[in-house]
Protein chains: 2
Amino acid sequence: MSINHDDVRAPYLQLADILRERIAKGEIAPGKRLPSLMDMEREFGLNQKTIRKSLAVLKDEGLIESSPGRGMFVKAQPDDDRAEDGD
Amino acid sequence: MSINHDDVRAPYLQLADILRERIAKGEIAPGKRLPSLMDMEREFGLNQKTIRKSLAVLKDEGLIESSPGRGMFVKAQPDDDRAEDGD
DNA sequence: CACCATTTGTTCGTATGTATG
DNA sequence: GCATACATACGAACAAATGGT
């Protein structure tokens with residue numbers, strides 16, 4: 001998956017989409033850390049600001065949470081029916 | 001109990017949690033000495049500074065007190081219901 | 001007294017990561 | 001992309017207090 005700059009959709013929305021899908025698929029499981037901003041800069045060829053904008057969307061959706069100095073983490077989803085009571 | 005570096009919670013908060021629980025359970029009774037910084041370094045695999053930060057939290061909460069050259073001690077808790085005022 | 005081992009206290013630096021401009 | 005600020009974690013060194021010999 002990558003960003004298409006010719007797409008109608010803004011890059012930050014495309015990225016939000018990509019990440020949302022990875023989370024939905026469990027590729028990044030709840031409680032796990034997302035790649036760092038620098039990593040995503042490299043991976044998607046986007047500006048840090050653009051990436052932060054994407055993350056803001058996901059944060060707003062309650063999908064992820066940030067832990068200053070540690071990273072961005074996938075929150076346990078309410079409609080996630082695996083391991084509700086622990087692992 | 002151990003520290004999970006992939007957790008959203010910062011290690012120093014995890015450690016503070018662990019120690020708080022040990023104290024609450026009476027595993028480290030009031031007046032007793034906590035393990036030394038070096039001991040905790042070994043036990044939890046954390047840097048001495050990180051451990052100090054945890055202890056600073058507990059000190060701030062009034063759970064423990066430090067005695068330079070001697071160690072860290074569990075303070076008698078105000079809400080400790082033994083012989084508070086046994087008439 | 002001096003010496004040493006142990007333990008806490010303090011300060012310097014380095015690296016990573018988030019937040020903001 | 002960069003600069004700044006802040007939070008977190010690790011490393012190393014030195015100081016000061018304590019206790020035992």
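Quick note on labels: first sequence line is chain A, next is B, and so on, each numbered from 1. Because the structure is predicted, anything quoted here is derived from the model rather than measured.
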Inset, instruction - Starting at the 5' end of nucleotides 16-21 of chain C, put B wherever the base has a protein heavy atom under 4.0 Å, S where only the sugar-phosphate does, and a dash everywhere else. - result: -BSSBB
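- Considering only residues two or more places apart in sequence or on other chains, A/Asp7 meets the side chain to side chain contact (heavy atoms under 4.5 Å, CB included) condition with A/Asn4, A/Arg9, A/Gln14.
- One atom, CD of B/Glu41, and another, C1' of C/dT7, lie 12 Å apart when rounded to the nearest Å.
- One atom, CD of B/Glu65, and another, P of C/dT8, lie 13 Å apart when rounded to the nearest Å.
- Rounding to whole angstrom units, NZ of residue B/Lys53 and C1' of C/dT10 are separated by 16 Å.
- One finds the CG atom of A/Leu55 at 7.0 Å from the CG atom of A/Leu15 (value rounded to the nearest 0.5 Å).
- Per the geometry, CZ belonging to B/Phe44 stands 13 Å off P belonging to D/dC10, to the nearest Å.
- Atom C1' of nucleotide D/dC10 and atom CE of B/Met40 are separated by 17 Å, given to the nearest angstrom.
- In this view, A/Lys49 satisfies the side-chain hydrogen bond (donor to acceptor under 3.5 Å, both in side chains) rule with no residue, not counting sequence neighbours.
- Applying the side chain to side chain contact (heavy atoms under 4.5 Å, CB included) rule to A/Arg20 yields the partners A/Ala16, A/Asp17, A/Val57, A/Leu58, A/Glu61, A/Leu63; only residues at least two apart in sequence or on another chain are considered.
- For A/Thr50, the side chain to side chain contact (heavy atoms under 4.5 Å, CB included) partners at least two apart in sequence or on another chain are A/Pro11, A/Tyr12, A/Leu46, A/Asn47.
- For A/Glu43, the salt bridge (Lys or Arg N to Asp or Glu O under 4.0 Å) partners are A/Arg22, not counting sequence neighbours.
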